[in-house]
Amino acid sequence: MIGRTRTVVYLAISFGWTWALWIAGWWLGLVQQTPISTSGTIFSLAGRAGSPGFLPQLMFDLAVFGPLLGYLAARQYRPVWGRPTLQSVLIAVLVPIVLVVPAFVLTAASGVPAAGISVGVALAAIATYLASNLVTSGTEEFGWRGYLQPTLRRNESTLWGAAWKVGLIWAVWHYPLMVILYWQLGLVMIFTIAGFTASIVAMAWITGLVYEQSNSIALVALLHALNNTANFALMLIFPTSPFTIVTAAMAWAAVFVLERRFRDRQPVA
């Protein structure tokens, strides 16, 4: 399979599988009057087994595996564990926390009421969400960083040359989900999707940096899951926080800082 054909196959499967199942699951949920959940975990799916809403939820949850299936179909496999350095591990673990801390501080300082849940319940929910993300959204990294980034990077002299392309493709892959989540906002949805796209491009550079410095799909999967979980934690504790956009701004701030530090650093072979 030649390079261009392989990439077409990867994108066709990644987008085709995911878009078909997101849209079909959402539509079937509407028809059955059993709306799908967009904030649950893969573990909560078992609780719906046998119920009328199980099939649409199952379809919706399985949609996330499109990039993994595309990676497998492209048959250009990369190391799962790679060679993470301490520095790459610290970036992967700390960046998601650093990005969300200002939103937490601003939310609390502005007097936004917290949800009435105990610390124990919150920690259990966060841990469950993280575990779920590692085996769902985290698997996207086989495709985005394991296949697409190295493929596009071959013809680029800098990380940015590949990262902005991966970021845009990654963002567009999410668009049906974004429409499902925000279509009630009307035209405001366009600005929401635009902001989301900008944040995804920033995260594509950060995740791409960690991958180039570790050659580890497992590590960027952890980064992906931690980033999703950090934002989940914010909305779990402060459901009405108006400062979620701050995390997107912080992503670009992180890019600015890290880009200056790693500008001349070569990828790990």
Side-chain angles (χ1 to χ4, degrees), residues 14-45 47-48 51-67 99-100 102-104 106-107 110-117 122 125-126 128-129 132-133 136-137 140 167-203 224 227-252:
S14 298
F15 278 75
W17 174 276
T18 298
W19 284 21
L21 289 180
W22 269 341
I23 294 169
W26 175 70
W27 175 81
L28 185 60
L30 290 179
V31 169
Q32 295 184 347
Q33 297 185 339
T34 55
I36 51 92
S37 169
T38 58
S39 59
T41 69
I42 195 73
F43 307 118
S44 62
L45 186 63
R48 303 186 69 166
S51 70
F54 177 72
L55 180 58
Q57 189 66 54
L58 176 64
M59 295 168 66
F60 196 85
D61 289 350
L62 290 177
V64 75
F65 296 111
L99 298 190
V100 81
F104 267 104
L106 289 170
T107 302
S110 63
V112 174
I117 57 175
I126 292 169
T128 301
Y129 193 86
S132 177
N133 259 253
T136 54
S137 297
E140 293 175 35
L168 284 178
I169 294 169
W170 188 16
V172 172
W173 177 83
H174 283 89
Y175 281 4
L177 176 62
M178 298 300 290
V179 172
I180 290 169
L181 289 173
Y182 300 114
W183 65 269
Q184 303 95 327
L185 299 179
L187 290 177
V188 176
M189 178 184 70
I190 296 175
F191 298 101
T192 301
I193 292 177
F196 170 81
T197 301
S199 69
I200 284 289
V201 171
M203 286 306 302
H224 192 142
N227 189 61
N228 286 353
T229 303
N231 287 281
F232 168 79
L234 175 64
M235 300 313 298
L236 175 71
I237 298 170
F238 294 107
T240 59
S241 172
F243 295 106
T244 54
I245 193 173
V246 173
T247 58
M250 286 297 298
W252 281 101

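For the pair Ile169/Phe15, a side-chain contact is recorded, criterion being any heavy-atom separation below 4.5 Å from C-beta on. Two residues are said to be in side-chain contact when any heavy atoms from C-beta on lie closer than 4.5 Å; Thr197 and Ile200 fail this criterion. In this structure the side chain of Leu181 reaches within 4.5 angstrom of the side chain of Thr38, judged on heavy atoms.
Closest of all the heavy-atom pairs between Ala24 and Met59 is CB-CE, 3.4 Å. Nearest heavy-atom pair across Val246 and Ala103 is CG1-N, 4.1 Å.
If you look at Trp19 and His174, their ring centroids are not closer than 6.0 Å.
With rounding to the nearest 0.5 Å, the separation of CG in Leu236 from CD1 in Ile126 is 5.5 Å. Distance CZ/Phe60 to OG1/Thr18: 10.5 Å, rounded to 0.5 Å. The distance from the OG1 atom of Thr244 to the CG atom of Leu106 is 11.5 Å, given to the nearest 0.5 Å. Considering CG of Asp61 and CZ of Phe54, their distance stands at 9.0 Å, rounded to 0.5 Å. Annotation: the span from Ser44 atom OG to Tyr129 atom OH amounts to 10.5 Å, rounded to 0.5 Å. To the nearest 0.5 Å, atoms OG1 (Thr247) and CG (Leu99) are separated by 7.0 Å.
For the ring-ring contact (aromatic ring centres under 6.0 Å, His included) test with Trp173, the passing option among Trp22, Phe196, Trp17 is Trp22; the others fail.
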Assess whether side chain to side chain donor-acceptor pair (under 3.5 Å) is satisfied between Ser241 and Thr107, documenting all intermediate values.
-> CA-CA 6 Å; Ser241 172; Thr107 302; 2.7 Å; yes

Could you walk me through whether Leu234 and Phe243 pass the side chain to side chain contact (heavy atoms under 4.5 Å, CB included) check?
-> CA-CA 9 Å; Leu234 175 64; Phe243 295 106; 5.9 Å; no

Intermediate values then yes/no, side chain to side chain contact (heavy atoms under 4.5 Å, CB included), Met178 and Trp183 | CA-CA 8 Å; Met178 298 300 290; Trp183 65 269; over 6 Å; no

Between Leu21 and Phe65, does a side chain to side chain contact (heavy atoms under 4.5 Å, CB included) hold up when you go through it step by step?
-> CA-CA 10 Å; Leu21 289 180; Phe65 296 111; over 6 Å; no

Would Trp252 and Val201 satisfy side chain to side chain contact (heavy atoms under 4.5 Å, CB included), going step by step from the backbone distance to the final call?
-> CA-CA 9 Å; Trp252 281 101; Val201 171; 4.1 Å; yes

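Atom CZ of Phe43 has more than 12 neighbouring heavy atoms from other residues, nucleotides or ligands inside a 6.0 Å radius. Atom CD1 of Ile245 is surrounded by 12 or fewer heavy atoms from other residues, nucleotides or ligands within 6.0 Å. No more than 12 heavy atoms of other residues, nucleotides or ligands lie within 6.0 Å of OH in Tyr182, so this atom counts as exposed by the packing criterion.
Checked by atom type and distance alone, the side chain of Ser132 never pairs as donor or acceptor with a backbone atom of Thr128 at under 3.5 Å.
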Show every donor-acceptor pair shorter than 3.5 Å between a side-chain atom in residues 25-37 and any protein atom, with sequence neighbours excluded, or say none if there are none.
{"unit_1": "Ser37", "atom_1": "OG", "unit_2": "Ser39", "atom_2": "N", "d": "3.4"}
{"unit_1": "Ser37", "atom_1": "OG", "unit_2": "Gly40", "atom_2": "N", "d": "3.2"}

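The aromatic rings of Phe238 and Phe104 stand perpendicular to each other, their planes meeting at an angle above 60°, with 30° marking the opposite boundary.
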